[in-house]
Number of protein chains: 2
Amino acid sequence: MTQEQYSKYSFLLDRTARKVKQYAQQQFKSGDFDVTVDQWLVLKNLSENEVLSQTELANLVFKDHPTLTRIIDLLCKKGYVERMPHPQDRRSFQLHLTESGVSKVSSLRPEILHIREKAWENLSPHDFDEFKRILDTIYQNLNGESLDQ
Amino acid sequence: MTQEQYSKYSFLLDRTARKVKQYAQQQFKSGDFDVTVDQWLVLKNLSENEVLSQTELANLVFKDHPTLTRIIDLLCKKGYVERMPHPQDRRSFQLHLTESGVSKVSSLRPEILHIREKAWENLSPHDFDEFKRILDTIYQNLNGESLDQ
DNA sequence: TTTATATATTTGTCACACTAACTATTGGTA
DNA sequence: TACCAATAGTTAGTGTGACAAATATATAAA
């Protein structure tokens with residue numbers, strides 16, 4: 001990449017990511033989902049893993065630890081998640097969904113899939129592969145040390 | 001898009017956009033640039049347009065008005081930007097770079113181009129076209145009313 | 001055992017995004 | 001003229017993101 005024009009990828013990327021989050025958040029709100037987009041991501045990952053520590057969960061969702069602490073705080077207040085003490089390690093928590101959290105996830109999952117489809121109109125499965133390849137390449141280019149995933 | 005897997009585009013997009021911003025911000029910091037990534041975007045657009053109102057600038061950088069108000073506040077504090085009263089419309093400001101702002105932009109521009117190159121390693125000009133096409137399609141799919149740009 | 005180091009999580013600070021509500025001003029219209 | 005809707009910008013509240021520093025606990029080394 002030598003031409004100045006290519007540096008616009010960062011602007012396009014940021015603009016589109018914000019639009020995707022904004023659109024989803026509006027739909028979440030008009031549907032009274034009672035969670036934000038980021039809170040949903042955390043709930044979804046908890047629903048797909050029986051028990052997780054905050055560190056494990058942070059690595060799954062690619063958020064840093066302070067951010068995750070605060071999201072978990074909110075989800076606990078809303079009654080969807082519980083922090084249980086780790087039996088061997090008193091520094092750590094085991095996170096799991098409450099009953100209310102489980103039913104929240106199962107009721108929201110199809111609606112959110114539907115919301116997510118909107119962005120992909122006029123695009124093909126092949127586009128998705130290209131999109132994923134390019135995004136992953138960018139991510140790895142900038143991901144100095146930890147080659148996770 | 002019917003398969004559930006495709007809904008991961010939102011996760012990939014968000015993750016990569018955050019990584020791109022984080023990487024740039026780290027480089028900005030280690031180079032003592034004295035501005036954030038978003039402040040740079042605003043400075044750059046001001047340098048490419050003689051005079052802008054806040055509303056015009058907000059449309060250029062795709063940020064909302066409260067966000068732009070605060071970024072301008074910070075850039076004024078740092079002495080890079082000035083708000084001048086609009087001669088005809090007392091509700092509005094005319095924004096322009098100070099001398100300090102002009103020299104800041106010209107000194108940072110080449111360094112930032114260099115930083116931006118890193119993400120595009122292993123990718124081709126054709127990849128850029130595809131990337132841009134897909135991001136723009138997503139953006140337009142979600143951009144209900146205002147078909148700006 | 002004591003010390004040193006590493007790990008898990010929290011707290012504090014600053015910046016940004018979005019919403020809603022608010023002030024001031026403008027321009028059109030009854 | 002008086003009213004009213006639209007526009008420019010600000011302020012406040014909540015959530016998120018990055019980073020640094022602090023706390024508590026665990027583990028390894030001396």
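Letters go in sequence order (proteins before strands), and every chain restarts at 1.
B:Phe33 meets the ring-ring contact (aromatic ring centres under 6.0 Å, His included) test with B:Phe28; sequence neighbours excluded. In this structure, B:Thr137 has no side-chain hydrogen bond (donor to acceptor under 3.5 Å, both in side chains) partners at least two apart in sequence or on a different chain. Remark: A:Tyr23 engages no residue in a ring-ring contact (aromatic ring centres under 6.0 Å, His included) (not counting sequence neighbours).
With a cutoff of under 4.0 Å to any heavy atom of chain B, the contacted region of DNA chain C is bounded 5' to 3' by C:dA15 to C:dT26.
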Would you mind building the protein contact string for nucleotides 14-20 of chain D? One character per nucleotide, 5' to 3', B for base within reach (heavy atoms under 4.0 Å), S for sugar-phosphate only, - for untouched.
-SSBBBB
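At a threshold of 4.0 angstrom between heavy atoms, the contacts of B:Thr55 are confined to the sugar-phosphate backbone, with no base atom among them.
A:Thr67 places no side-chain N or O within 3.5 Å of a backbone atom of A:Lys63 that could act as its donor or acceptor partner. Side-chain atoms of A:Ser92 do not come within 3.5 Å of backbone N or O of A:Asp89 as any donor-acceptor pair.
Using a 4.0 Å cut-off on heavy atoms, the residues of residues 85-96 of chain B that approach DNA chain C are B:Gln88, B:Asp89, B:Arg90, B:Arg91, listed by number.
The CG-C1' distance, from B:Leu68 to D:dT11, rounds to 15 Å in whole Å.
Taking each heavy atom of A:Gly79 and A:Thr98 in turn, the nearest pair found is O-OG1, 2.6 Å.
One finds a salt bridge joining B:Arg15 and A:Asp136 here, because a Lys/Arg side-chain nitrogen approaches an Asp/Glu carboxylate oxygen to under 4.0 Å. Using a 4.0 Å cut-off between a side-chain N of Lys or Arg and a carboxylate O of Asp or Glu, B:Asp14 and B:Arg18 qualify as a salt bridge.
Within a 6.0 Å sphere centred on CD of A:Glu48, heavy atoms belonging to other residues, nucleotides or ligands number more than 12.
Judged by distance alone, the side chains of A:Gln27 and A:Lys118 never bring a donor and an acceptor atom under 3.5 Å apart.
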